[in-house]
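A short write-up of the structure that comes next.
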Amino acid sequence: MIVVATDAPLGSRNLKRLAKRAMLGLAKTGGIASNGSGDYVIAFSTARENRIPYRVEQSTLEVKELHNDKISPLFLAVIEATEEAILNSLFTAETMEGNGNIIEALPKEKILKMMRED
């Protein structure tokens, strides 16, 4: 599960576009979103100016959104943040044992060396 949170004033259309970019961050780590993988993304904005008020005085709602021409830096940020979050998760995982199985932690130094060579 990938969660994309922003305080940028975005509507549902551009939040969906951000969520799609998160999958590119997954791909950069080698993930392929295979069948049954359960790779899902949700995206939301906490922008105060787009919150729906509890009580309303008017019959219409004015919404401010970031212009499409200004969203590309957010796409890049989502891709990079997703990639980094996945790598951080992998590198902080520890060896686990259960039900007669042992899953070794990643050999961090070996992987870092491989990444530098790439």
Side-chain angles (χ1 to χ4, degrees):
M1 186 77 199
I2 300 169
V3 178
V4 177
T6 181
D7 61 356
L10 301 176
S12 61
R13 178 180 167 277
N14 278 328
L15 287 169
K16 286 178 187 176
R17 295 174 73 203
L18 279 187
K20 289 178 183 179
R21 273 33 178 222
M23 294 304 284
L24 295 173
L26 173 68
K28 287 182 75 174
T29 66
I32 63 167
S34 61
N35 181 52
S37 65
D39 298 318
Y40 296 98
V41 182
I42 60 169
F44 64 91
S45 172
T46 61
R48 183 172 294 279
E49 58 267 36
N50 287 352
R51 293 182 188 168
I52 299 171
Y54 181 72
R55 298 188 195 279
V56 294
E57 302 289 326
Q58 302 169 350
S59 59
T60 60
L61 181 64
E62 185 176 324
V63 177
K64 293 181 181 179
E65 289 189 29
L66 186 66
H67 195 281
N68 279 346
D69 291 344
K70 305 297 182 190
I71 199 166
S72 289
L74 291 178
F75 290 161
L76 180 60
V78 166
I79 294 166
E80 290 178 349
T82 301
E83 178 185 21
E84 184 171 344
I86 292 168
L87 292 175
N88 287 342
S89 173
L90 291 170
F91 280 114
T92 58
E94 299 176 358
T95 297
M96 296 175 50
E97 184 175 351
N99 297 329
N101 299 308
I102 298 176
I103 306 298
E104 297 290 335
L106 290 177
K108 296 173 186 76
E109 293 305 318
K110 184 177 179 181
I111 292 174
L112 288 171
K113 182 180 177 192
M114 290 171 32
M115 290 175 74
R116 286 185 198 106
E117 292 171 357
D118 214 15

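The figures here come from the full heavy-atom set of this structure, side chains too, leaving out hydrogens, waters and symmetry mates.
- Atom OG1 of Thr6 is separated from atom CZ of Phe44 by 9.5 Å, given to the nearest 0.5 angstrom.
- Between the side chain of Asn14 and the backbone N or O of Ile71, no donor-acceptor pair lies under 3.5 Å.
- Heavy-atom contacts from other residues, nucleotides or ligands closer than 6.0 Å to CD of Glu117 number more than 12.
- Scanning all heavy atoms of the two residues, the minimum distance from Leu61 to Pro53 falls at CD1-CD, 3.8 Å.
- The residues Glu83 and Lys28 are annotated as salt-bridged, a charged nitrogen and a carboxylate oxygen being separated by less than 4.0 angstrom.
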**side chain to side chain contact (heavy atoms under 4.5 Å, CB included) between Leu87 and Met115, worked out** = CA-CA 11 Å; Leu87 292 175; Met115 290 175 74; 4.0 Å; yes
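- Annotation for Thr95 and Ala105: closest pair OG1-N, 3.0 Å, computed over non-hydrogen atoms.
- Dense packing is recorded around CD of Glu49, with more than 12 heavy atoms of other residues, nucleotides or ligands lying under 6.0 Å away.
- A distance of 10.5 Å separates CE in Met23 from CD1 in Ile32, rounded to the nearest 0.5 Å.
- More than 12 heavy atoms of other residues, nucleotides or ligands sit less than 6.0 Å from atom NZ of Lys108.
- Heavy-atom minimum distance, Met1 versus Ile42: CE-CG2, 3.4 Å.
- Between the side chain of Arg21 and the backbone N or O of Leu76 there is no donor-acceptor pair closer than 3.5 Å.
- Rounding to the nearest 0.5 angstrom, the gap separating the CG atom in Leu66 from the CG atom in Leu74 is 6.0 Å.
- Counting only heavy atoms from C-beta outward, the side chains of Asn68 and Arg13 approach each other to under 4.5 Å.
- Heavy atoms from other residues, nucleotides or ligands lying under 6.0 Å from CZ of Arg51 number more than 12.
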**Item:** Worked verdict on Thr82 versus Thr29 for side chain to side chain contact (heavy atoms under 4.5 Å, CB included)
**Value:** CA-CA 9 Å; Thr82 301; Thr29 66; over 6 Å; no
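- A donor-acceptor pair is defined here as one N or O able to donate and one able to accept, closer than 3.5 Å; no such pair exists between the side chain of Ser89 and the backbone of Ala85.
- Considering CD of Glu97 and CD of Glu104, their distance stands at 9.5 Å, rounded to 0.5 Å.
- Between atom CD1 of residue Ile103 and atom CE of residue Met96 there is a gap of 8.0 Å, rounded to the nearest 0.5 Å.
- With values rounded to the nearest 0.5 angstrom, Lys20 atom NZ is found 11.5 Å from Leu18 atom CG.
- The two residues Ala33 and Asp39 have their closest heavy-atom pair at CA-OD2, 3.2 Å.
- Between Ala47 and Asp7, the closest heavy-atom pair is CB-O, 3.5 Å.
- Under the 4.5 Å side-chain heavy-atom criterion for grouping Ile, Leu, Val, Met, Phe, Trp and Tyr, Val78 is not connected to Leu24 through any hydrophobic cluster.
- The two residues Ile111 and Phe91 make their nearest non-hydrogen contact at CG2-CZ, 3.6 Å.
- Residue Leu26 is grouped with residue Phe75 when hydrophobic side chains (ILVMFWY) are merged at heavy-atom distances under 4.5 angstrom, including chains of intermediate members.
- No path of Ile, Leu, Val, Met, Phe, Trp and Tyr side chains, each step under 4.5 Å between heavy atoms, connects Ile2 with Tyr40, placing them in separate hydrophobic clusters.
- Hydrophobic clustering (side-chain heavy atoms under 4.5 Å, transitive across Ile, Leu, Val, Met, Phe, Trp, Tyr) groups Ile86 together with Leu112.
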